[in-house]
Amino acid sequence: MDFSLTEEQSLFADSVRRFATDRLKDGALKRAHSHTYPWDVAQMIAEQGLLGITIKSEDGGMGGTLMDAVIAIEQLALVCPKSADIVQAGNFGAIRTFAEYASPEQKKKWLPDLLSGKMVISLGMSEPEAGSAATDLRTSAKEDGDHYLLKGQKVFGTHSRDASIYLVYVRFGPGLDGIGSVIVERDTPGFTVGEPSAFMSGEEWCPLYFENARVPKANLLLGPGGFKRQIAAFNAERIGNTARSLAIGRHAYNLARAYALERKQFGRPLCEFQGLQWKFADMAMKLEAAQLLLYKAAVGADRGLPSAYDTTVAKLACNQAGFEVSCEAVQIMGGMGYSRETLAEYCMLRTKGWMIAGGSIEMMKNRLAEFIFDRRFSQRPPKGSS
Ligand SMILES: Cc1cc2nc3c(=O)[nH]c(=O)nc-3n(C[C@H](O)[C@H](O)[C@H](O)COP(=O)(O)OP(=O)(O)OC[C@H]3O[C@@H](n4cnc5c(N)ncnc54)[C@H](O)[C@@H]3O)c2cc1C
């Protein structure tokens with residue numbers, strides 16, 4: 001068993017860290033608090049070859065591994081947390097599902113702009129009445145000649161404000177087998193991107209309204225039953241959320257550590273108070289433990305085993321470690337940590353979001369319980385109960 005990065009991975013990590021330090025360190029605080037997508041940074045990151053790391057080279061990607069993408073996220077987040085979102089959008093989210101299932105024509109039409117940082121894709125899954133119970137989604141797609149007519153609403157989509165295309169989950173018919181997905185272009189007749197709302201991190205999302213939105217059949221990604229087929233892809237996708245949680249927790253930890261070495265109270269640096277030393281010991285332990293689980297899941301996925309169990313455990317551990325460590329960092333940095341003068345509060349607010357997004361920690365624990373007991377526990381009321 002080897003717990004270290006290979007020589008090639010270490011060299012890659014060094015090169016991403018150098019790029020991030022040279023090009024992204026300045027402006028990291030301002031970028032985190034900006035509401036708009038950092039298109040300038042997206043193009044820089046694309047030129048660096050950090051978009052489409054795991055996408056096949058024949059599709060314009062880098063043909064790398066999931067572990068490479070995790071390393072890229074970690075190194076960028078340690079310098080500029082907001083820039084790690086771009087690596088996420090270009091490697092893990094809707095783009096990965098798209099690259100996996102799109103037709104050659106669809107890839108030709110959209111992948112070049114997505115992989116060069118000129119365009120971003122947003123995932124439209126959640127609805128006002130279908131959150132954790134995602135398969136309760138109601139947005140319908142009815143055939144109309146060579147188009148589908150979409151009716152419904154989506155909420156909370158990351159990058160929904162800035163996206164040019166949307167990967168939208170729709171219902172072609174009843175039940176789980178009735179769910180599939182289509183690509184909706186922003187200028188589709190009958191489709192409206194609503195007014196932005198803000199998450200507590202400042203990140204904005206827009207409701208998406210479909211009022212008989214006319215989507216060409218050529219934009220079908222996965223037909224009825226498609227939802228089931230791509231469930232395995234979700235495990236790999238979750239690794240991006242998991243990696244950012246942990247890396248941003250580590251970012252906050254580094255801020256607090258530097259602060260505790262410099263800041264003096266009672267004539268001594270904060271790091272000399274045992275009450276704070278023990279916080280750091282706990283924080284380091286949580287980060288190290290979660291890191292091993294993340295790497296185990298990512299390396300396992302690269303060996304063709306995207307284990308739902310490993311991904312679930314890693315997401316839980318990294319979501320919790322990232323948030324708990326960021327909260328402690330804010331506490332250690334006192335009024336400065338709680339203010340927008342540093343990134344500690346931003347790290348805390350962002351890591352909270354990933355405990356809800358991509359499968360909330362409660363839903364992940366439900367899933368884990370199913371592995372533990374080797375049986376399914378339906379969350380639905382028993383049949384016949386009102
Ligand atoms: C930062 C962020 C980014 C997001 N990005 C996207 C995106 O890009 N695209 C998209 O479609 N959606 C996105 N979402 C939405 C996200 O997927 C949902 O918020 C999530 O699925 C939870 O749904 P909900 O908010 O409706 O909460 P609900 O499902 O109403 O749940 C409320 C609470 O109850 C708990 N709960 C629900 N059911 C159970 C159960 N059976 N057992 C135990 N606890 C339960 C939940 O864990 C949660 O704590 C994002 C959300 C956030 C916060």
Side-chain angles (χ1 to χ4, degrees), residues 32 35 37 81-82 84-86 88-98 114 120-139 150 152-171 179-184 193-194 196-210 221 227 230-231 233-234 237-238 240-245 248 312 315-316 318-320 322-323 326 346-370 376-382:
H35 293 175
Y37 193 75
K82 182 75 172 257
D85 291 354
I86 297 166
Q88 164 82 15
N91 287 285
F92 287 99
I95 196 171
R96 203 180 151 92
T97 314
F98 176 78
L114 290 169
V120 70
I121 181 170
S122 177
L123 171 70
M125 167 107 75
S126 306
E127 298 184 359
E129 302 304 327
S132 301
T135 54
D136 284 358
L137 69 88
R138 293 180 190 167
T139 299
L150 265 56
Q153 188 186 339
K154 297 287 176 183
V155 289
F156 298 145
T158 300
H159 306 313
S160 47
R161 186 193 134 122
D162 299 291
S164 306
I165 57 170
Y166 299 81
L167 195 171
V168 179
Y169 284 82
V170 291
R171 182 166 287 296
I179 303 175
S181 53
V182 291
I183 300 298
V184 178
V193 178
S197 294
F199 287 129
M200 64 161 76
S201 60
E203 213 190 333
E204 290 188 346
W205 61 271
C206 299
L208 308 179
Y209 301 106
F210 305 90
L221 191 64
F227 187 80
Q230 61 169 66
I231 280 176
F234 282 144
E237 199 173 307
R238 285 200 169 121
N241 161 322
T242 303
R244 274 186 305 164
S245 293
I248 288 183
T312 305
K315 183 177 189 290
L316 274 168
C318 292
N319 282 168
Q320 286 181 191
F323 179 65
S326 306
Y346 175 78
C347 293
M348 184 177 92
L349 298 174
R350 285 307 301 277
T351 50
K352 181 75 233 175
W354 294 315
M355 293 169 96
I356 298 167
S360 68
I361 54 167
E362 291 78 15
M363 293 306 289
M364 292 288 105
K365 284 182 183 174
N366 289 344
R367 187 83 188 92
L368 198 49
E370 295 188 325
R376 253 190 65 66
F377 295 107
S378 173
Q379 303 298 310
R380 310 264 168 202

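Along the sequence shown, residues are numbered consecutively beginning with 1. Whatever order the structure lists ligands and atoms in, that order sets their numbers, starting from 1. Remember, predicted model here, so these are calculated numbers, not experimental data.
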Are any of the N or O atoms of [X] closer than 3.5 Å to those of ligand 1?
X	answer
F156	yes
M125	yes
Q379	yes

Which residue owns the protein heavy atom closest to [atom], what's the atom, and how far is it?
atom	result
atom 42 (N) of ligand 1	N366 ND2, 3.1 Å
atom 36 (N) of ligand 1	S132 OG, 4.2 Å
atom 20 (C) of ligand 1	I356 O, 3.6 Å
atom 3 (C) of ligand 1	T158 OG1, 3.4 Å

Next item on the list: Can you figure out which of M363, H159, E362 has its heavy atom closest to atom 39 (C) of ligand 1?
Entry: M363
Contact atoms of ligand 1, heavy-atom distance to [X] under 4.0 Å:
X	result
G157	7 (C), 8 (O), 9 (N)
G353	53 (C)
A357	2 (C), 3 (C), 4 (C), 50 (C), 51 (C), 52 (C)

Determine if the distance from [atom] to the closest protein heavy atom is below 4.0 Å.
atom	result
atom 33 (C) of ligand 1	no
atom 46 (C) of ligand 1	yes
atom 30 (O) of ligand 1	no

Checklist line | Ion pair check, R171 and D136, cut-off under 4.0 Å | finding: no
Next item on the list: Please determine if E362 and K365 form a salt bridge, counting it only when a charged side-chain N lies under 4.0 Å from a carboxylate O.
Entry: no
Check: Mind checking whether H159 and Y37 have parallel, tilted or perpendicular rings, split at 30° and 60°?
Finding: perpendicular
Check: Parallel, tilted or perpendicular: which describes the rings of F156 and W205, with under 30° parallel and over 60° perpendicular?
Finding: perpendicular
Notebook entry, point to check: Which is it for S360 and ligand 1 at heavy atoms under 4.0 Å: side chain, backbone, both or neither?
Noted result: side chain
Checklist line | Evaluation steps, side chain to side chain contact (heavy atoms under 4.5 Å, CB included), between T351 and N319 | finding: CA-CA 7 Å; T351 50; N319 282 168; over 6 Å; no
Next item on the list: Assess the side chains of T139 and E127: does a donor N or O sit below 3.5 Å from an acceptor N or O?
Entry: yes
